[in-house]
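The chain is numbered in sequence order, starting from 1.
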Amino acid sequence: MSYRVRFTNEAREDLKRLYAFLLSKDRAAAEKALKGIYRAIEAMKFFPYTCRKALDDNPLWRELVISFGAYGYVALFEIEEPNIITVVAVRHQREDDFL
């Protein structure tokens, strides 16, 4: 089964912020990072339960670790039945936690 992925406004703003930060340093890296994030999220829609749990008491809140360079990114998402994934936030791995 494939899940439909949607983004909250906050997650969209996170992506814009992350892109702008890298763009100020290296345009090619910014483009590559954004493509990598979207590619990982696209793949996640087939196996969302393989991502690590974000909360011990709620198996529907998950984190997708996205490799990029030495650190990478983490996408926080909720699995909503029957077939929807909502990306709530996207952070660089060195940023503060979501929750």
Side-chain angles (χ1 to χ4, degrees):
M1 174 164 88
S2 175
Y3 289 75
R4 185 171 64 88
V5 177
R6 63 184 180 183
F7 292 82
T8 62
N9 289 334
E10 293 81 4
R12 289 182 200 285
E13 290 302 314
D14 287 340
L15 290 170
K16 289 177 188 176
R17 177 182 51 81
L18 292 167
Y19 179 77
F21 175 78
L22 266 181
L23 187 61
S24 70
K25 299 177 181 315
D26 182 342
R27 182 177 188 83
E31 295 289 332
K32 188 175 178 182
L34 195 59
K35 285 179 185 176
I37 291 168
Y38 279 115
R39 193 176 7 214
I41 289 172
E42 183 69 21
M44 169 196 69
K45 69 185 197 178
F46 296 101
F47 303 104
Y49 287 98
T50 62
C51 298
R52 70 182 182 199
K53 289 182 187 177
L55 301 170
D56 290 334
D57 60 341
N58 188 339
L60 300 179
W61 281 87
R62 301 280 173 148
E63 293 177 328
L64 171 65
V65 177
I66 304 164
S67 297
F68 185 76
Y71 294 100
Y73 301 93
V74 179
L76 176 67
F77 66 95
E78 182 179 13
I79 302 168
E80 300 181 61
E81 299 302 328
N83 61 346
I84 298 171
I85 294 170
T86 301
V87 178
V88 177
V90 182
R91 301 278 190 270
H92 188 274
Q93 284 183 322
R94 296 186 77 185
E95 288 183 83
D96 289 335
D97 288 336
F98 305 108
L99 307 172

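A cation-pi arrangement, defined by a distance under 6.0 Å to the six-membered ring centre and an angle within 45 degrees of its axis, is present between Arg94 and Tyr71.
Put simply, Ile79 and Phe47 are part of two different groups of oily side chains (I, L, V, M, F, W, Y) that touch within less than 4.5 Å, one to the next. The hydrophobic clustering, which links ILVMFWY residues whose side-chain heavy atoms are closer than 4.5 Å, places Tyr38 and Leu64 together. Val88 and Leu55 fall within a single hydrophobic cluster, where Ile, Leu, Val, Met, Phe, Trp and Tyr side chains are chained together by heavy-atom contacts under 4.5 Å.
No side-chain heavy atom of Tyr73 sits under 4.5 Å from any side-chain heavy atom of Val65. Two residues are said to be in side-chain contact when any heavy atoms from C-beta on lie closer than 4.5 Å; Cys51 and Phe77 meet this criterion. The shortest side-chain heavy-atom distance between His92 and Phe68 does not fall under the 4.5 Å cut-off. Within the 4.5 Å cutoff, the side chain of Leu15 has heavy atoms near those of the Leu34 side chain. The shortest distance between side-chain heavy atoms of Met44 and Ile85 falls below 4.5 Å. Looking at heavy atoms from C-beta onward, Arg17 lies out of side-chain contact with Val90 at the 4.5 angstrom threshold. Looking only at side-chain heavy atoms (C-beta outward), Asp14 and Arg91 come within less than 4.5 Å of each other.
Legend: residues meeting side chain to side chain donor-acceptor pair (under 3.5 Å) with Arg39, ordered by chain and number and at least two apart, are absent. Listed by chain and residue number, Arg6, Glu80 satisfy the side chain to side chain donor-acceptor pair (under 3.5 Å) test with Thr86 (two or more places apart in sequence, or in another chain). Residues passing the side chain to side chain contact (heavy atoms under 4.5 Å, CB included) test with Glu10 are Thr8, sequence neighbours excluded.
Nearest heavy-atom pair across Ala89 and Ala11 is N-CB, 3.9 Å. When all heavy atoms are compared, the tightest approach of Ala75 to Ile41 is CB-CD1, 4.5 Å. Nearest heavy-atom pair, Ala29 versus Leu22, reported as atom, atom and distance to 0.1 Å: O-CD1, 3.8 Å.
Between the CZ atom of Phe7 and the CZ atom of Arg12 there is a distance of 7.0 Å, given to the nearest 0.5 Å. Rounding to the nearest 0.5 angstrom, the gap separating the CD atom in Glu31 from the CG atom in Leu23 is 7.5 Å.
Under a 3.5 Å cut-off, the side chain of Arg52 and the backbone N or O of Glu63 do not form any donor-acceptor pair.
A perpendicular orientation is assigned to the rings of Tyr3 and Tyr49, their planes being inclined by more than 60° (bins at 30° and 60°).
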